[in-house]
Structure formats: structure tokens, C-alpha cells
Amino acid sequence: MNRNEFENALMSTIVEYISDQIVLRYMDACKTATVLFSGALIGYTDAVASLNELKKEGWKLTAVLSKAAAEILTEERIKNDIDPEAIYVEGAPVNGRQIIDDNQFVIIPALTINTAAKVANCISDNLLTNMISRAMATGKPIVAAIDGCCPDNEVRAKIGFKVTDAYKARMRSNLEAIQSYGINLTVDRNLCQKVNKVYTASFDFPMPGSDTKPAPKAKEQAEKPSCGCTVKKTVESKSIRLDKKVIGRVDIAKNARYQTIVVGSDALVTGLASDEAYNRGITIVRE
């Protein structure tokens, strides 16, 4: 590498570092979520652990409780367990629309059978279903844990859930419907991981057309969480090639869905990019 090439690479690295810091600060500022509790107890302990993990990562949480959640979980318990920025309870004066608009994300860690059925059938007749409807209408990312409403959950079976197969089929159909509306489904113990994955994917980073080669079209396949309920997930291509001289953290973040990122033999990979790839379990391969 001659002097001119070195100076150009150095300048590119400095510019990349500054842009990375700007993006990081912007992304951190967007870590605000409305957490909707509809009253389910199944999975609650795992939900609390996941929500506290999100808080450690800088997320600011605003909790909203349905009437059932206020009776079953109680406002005091929610405050002690996750200590959110604010707590609102259905029945008191609550501007649910404004709460959704003021936050960037929606988390439903205790989705009940009742709420799942209402959302699936486009019914918005209480505070939580109205807020979910508002979030979908404004394009806010939503992640819901299905422990409390999955008919195949092992805990539910142990406590004597003996409805007919037809009833269970309808419950599964409700979950498939809300997933088709764009709501991301998971289980409570994976809630933190799922939220961060959807959160990262929600950022539309600018990407010049020459930077990457088109990936194969995504396919859908079924997955079965440990609770037994089948949902669909999108399977992306496992690798992508970046045609850039300097690979920064943003390049890794915007391609986080890939397992391997291929770069040119002479490409400069910044330290932040290497750290980001390591944290996400992504392998960087030089040609």
C-alpha cells in the first residue's frame, strides 16, 4: 500500500468511525418500548428476566396493564419486578395512542388467550387492543410472547387444560393470524433476544447498490417453539458479499441476519466492525 492509498484508507476509517458513533447514539435513543401486560401468568418469570436484561442493555420501558393484569399481576408487582419508567393501568385516565406514538417499540410479554383472539379478529374494544391496533397502524415493531396463550404449552397442560382439539386448533389459528399481521411471536425466555433482533432489523440503513450482491429470495418455513405451537419464520441466505474497501460497524449491523460476511482480500475491517461481528456471532471471511 503506497502513501496515497494509506491516507485514503485512514480517512475512510475516521469517517466510518464518526458515522458509527452517530448511528450508535441514534439507535440507543430509540430503545424505548411500550410493554403491554394483559394478565397471563404462564411465562411471567421468564418475561421478567428478559425485560430486566433489556433494561441492562439501555432499553427504557413504559408498562401498561389491562384490568385483568392489574388484578392478577398488580401494579406494585410490576414496579418491583421491572421498575419501568412509568406504569399505566386501564381504568385510570390513559392516553394509549400517545404512549404508542411516544415509544419506538411494543412488547407483549404476557399475551392472553382473550387478547390474542381479539387481535386475530380485528377487535379493539379495550385499552390494550386499541394500543396494539394503533401500533400496527403506525408501523411500530411488535414482539409478543405466546407462553400464556399457546394451547400446547406444557405448563397449561399440567394445570388441567382439557379443551377439545377443535378449540386448540382455533387458538393456533389465532396465533397464525396475528403473526400474518406482522406481529413477531416468541416465547418469554427468548424475549430479549427476539426484541433485539427485530429492533436491529427495523433500522433501514442506507446501502448503495454497489455495496452488496443480491441475496437469494427469503423462504418461509415452520418452526415449533418448545411450547409446541407452530409459527412461521423467515429463513434468509446464510452469507453475503460486501464490495467495499472499508467495512464498518454499520455494515455488520445492517447485515446482521447473515451468518457469514465475505469481504475482499484488501478490504479494511474496522475494530468496531470486528467487535460487532463477534457480538452477533457473524464470521467475516476474506476472499
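No more than 12 heavy atoms of other residues, nucleotides or ligands lie within 6.0 Å of OH in Tyr167, so this atom counts as exposed by the packing criterion. Shown here is Arg97, whose CZ atom has no more than 12 heavy atoms of other residues, nucleotides or ligands within 6.0 Å. Enclosure of atom CD in Gln193 is not indicated, since only 12 or fewer non-hydrogen atoms of other residues, nucleotides or ligands lie within 6.0 angstrom. Open room surrounds OH on Tyr278; 12 or fewer heavy atoms of other groups in view lie less than 6.0 Å from it. The 12-atom threshold is exceeded at NZ of Lys55, counting heavy atoms of other residues, nucleotides or ligands nearer than 6.0 Å. The local environment of CD in Gln98 is crowded, with over 12 non-hydrogen atoms from other residues, nucleotides or ligands closer than 6.0 Å.
Put simply, the side chain of Ser50 gets close to the backbone of Asp46: a donor and an acceptor are under 3.5 Å apart. Using a distance-only test at 3.5 Å, with no hydrogens or angles considered, no donor-acceptor pair links the side chain of Arg257 to the main chain of Lys197. A side-chain donor-acceptor contact under 3.5 Å links Lys140 to the backbone of Ile100. Side chain of Asn153 to main chain of Val155: a donor-acceptor pair is present (N/O by atom type, distance under 3.5 Å, no hydrogens or angles). In this structure, the side chain of Tyr181 engages the main chain of Ala120 through a donor-acceptor pair within 3.5 Å. Of the possible polar contacts, none joining the Thr115 side chain to the Leu111 backbone as a donor-acceptor pair under 3.5 Å is found. In this structure a side-chain-to-backbone donor-acceptor pair under 3.5 Å is missing from Lys194 to Ala145. For Ser180 (side chain) and Ala177 (main-chain N/O), a donor-acceptor pair under 3.5 Å exists by modelled atom type. The closest donor-acceptor contact from the side chain of Thr112 to the backbone of Ala40 lies at 3.5 Å or more, if one exists at all.
No continuous path of hydrophobic side-chain contacts links Ile42 to Leu128 [ILVMFWY only; heavy atoms under 4.5 Å]. Under a hydrophobic-cluster definition in which Ile, Leu, Val, Met, Phe, Trp and Tyr are linked whenever side-chain heavy atoms come within less than 4.5 Å, directly or via other members, Leu242 and Ile284 are assigned to the same cluster. Cluster annotation: Val262 and Val269 are assigned to distinct hydrophobic clusters (Ile/Leu/Val/Met/Phe/Trp/Tyr, side-chain heavy-atom contacts under 4.5 Å, transitive).
To the nearest 0.5 Å, atom OG1 of residue Thr186 and atom CD1 of residue Ile108 are 12.5 Å apart. Note that CZ of Arg77 and CZ of Phe37 are 10.0 Å apart. Values are rounded to the nearest 0.5 Å. Here the OG-CG distance, from Ser38 to Leu73, works out to 8.5 Å after rounding to the nearest 0.5 Å. We find the CG-CG distance between Leu268 and Asp266 to be 10.0 Å, quoted to the nearest 0.5 Å. Once rounded to the nearest 0.5 Å, the distance linking CG of Asn174 with SG of Cys150 reads 12.0 Å. In this structure, NZ on Lys67 lies 9.0 Å from CD on Glu71, to the nearest 0.5 angstrom.
Annotation for Asn52 and Asp81: closest pair ND2-O, 3.0 Å, computed over non-hydrogen atoms. Ala135 and Ile142 make their closest contact through CB-CD1, 3.8 Å (heavy atoms, listed as atom of the first residue, atom of the second, distance). In terms of heavy atoms, Gly264 sits closest to Arg286 at O-NH1, 3.3 Å. Between Cys149 and Ala116 the shortest heavy-atom distance is SG-CB, 4.2 Å. Residues Val89 and Ala70 approach most closely at CG1-CB, 3.6 Å, considering heavy atoms. Contact record, Ala267 with Ile247: CB-CG1, 4.4 Å, taken as the closest heavy-atom pair.
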For this session: Could you walk me through whether Ile132 and Ile183 pass side-chain contact (heavy atoms from CB on, under 4.5 Å), step by step?
Result: CA-CA 10 Å; Ile132 294 170; Ile183 295 176; 4.2 Å; yes
Problem set entry | Chi angles and distances behind the side-chain contact (heavy atoms from CB on, under 4.5 Å) call for Tyr199, Val143 | CA-CA 10 Å; Tyr199 160 76; Val143 173; over 6 Å; no
Problem set entry | Trace of the side-chain contact (heavy atoms from CB on, under 4.5 Å) decision for Lys79 with Glu76 | CA-CA 5 Å; Lys79 181 174 178 57; Glu76 182 180 2; 5.7 Å; no
For this session: Starting from the C-alpha separation in whole Å, work towards a yes-or-no answer on side-chain contact (heavy atoms from CB on, under 4.5 Å) for Asn196 and Trp59.
Result: CA-CA 10 Å; Asn196 282 325; Trp59 282 83; 3.3 Å; yes
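Glu90 and Asn126 share no side-chain donor-acceptor pair at under 3.5 Å.
Using a 4.5 Å heavy-atom threshold, the side chains of Val263 and Lys244 count as separate. Within the 4.5 Å cutoff, the side chain of Ile178 has heavy atoms near those of the Leu185 side chain. At a threshold of 4.5 Å between non-hydrogen side-chain atoms, the residues Ile261 and Asp251 do not count as touching. Two residues are said to be in side-chain contact when any heavy atoms from C-beta on lie closer than 4.5 Å; Pro109 and Leu51 meet this criterion. Put simply, the side chain of Ile113 reaches to within 4.5 Å of the side chain of Arg156, judged on heavy atoms. Residues Arg172 and Asp152 meet the side-chain proximity criterion, which asks for heavy atoms closer than 4.5 Å.
For Glu276 and Arg249, the salt-bridge test passes: some basic side-chain N is under 4.0 Å from an acidic carboxylate O. For Arg189 and Asp147, the salt-bridge test fails: no basic side-chain N is under 4.0 Å from an acidic carboxylate O.
Tyr88 pairs in a side chain to side chain contact (heavy atoms under 4.5 Å, CB included) with only one of the listed residues (Leu65, Thr62, Thr34), which is Thr62.
Applying the salt bridge (Lys or Arg N to Asp or Glu O under 4.0 Å) test to every pair with at least one member in residues 98-114, sequence neighbours left out, gives these pairs: Asp101-Arg134.
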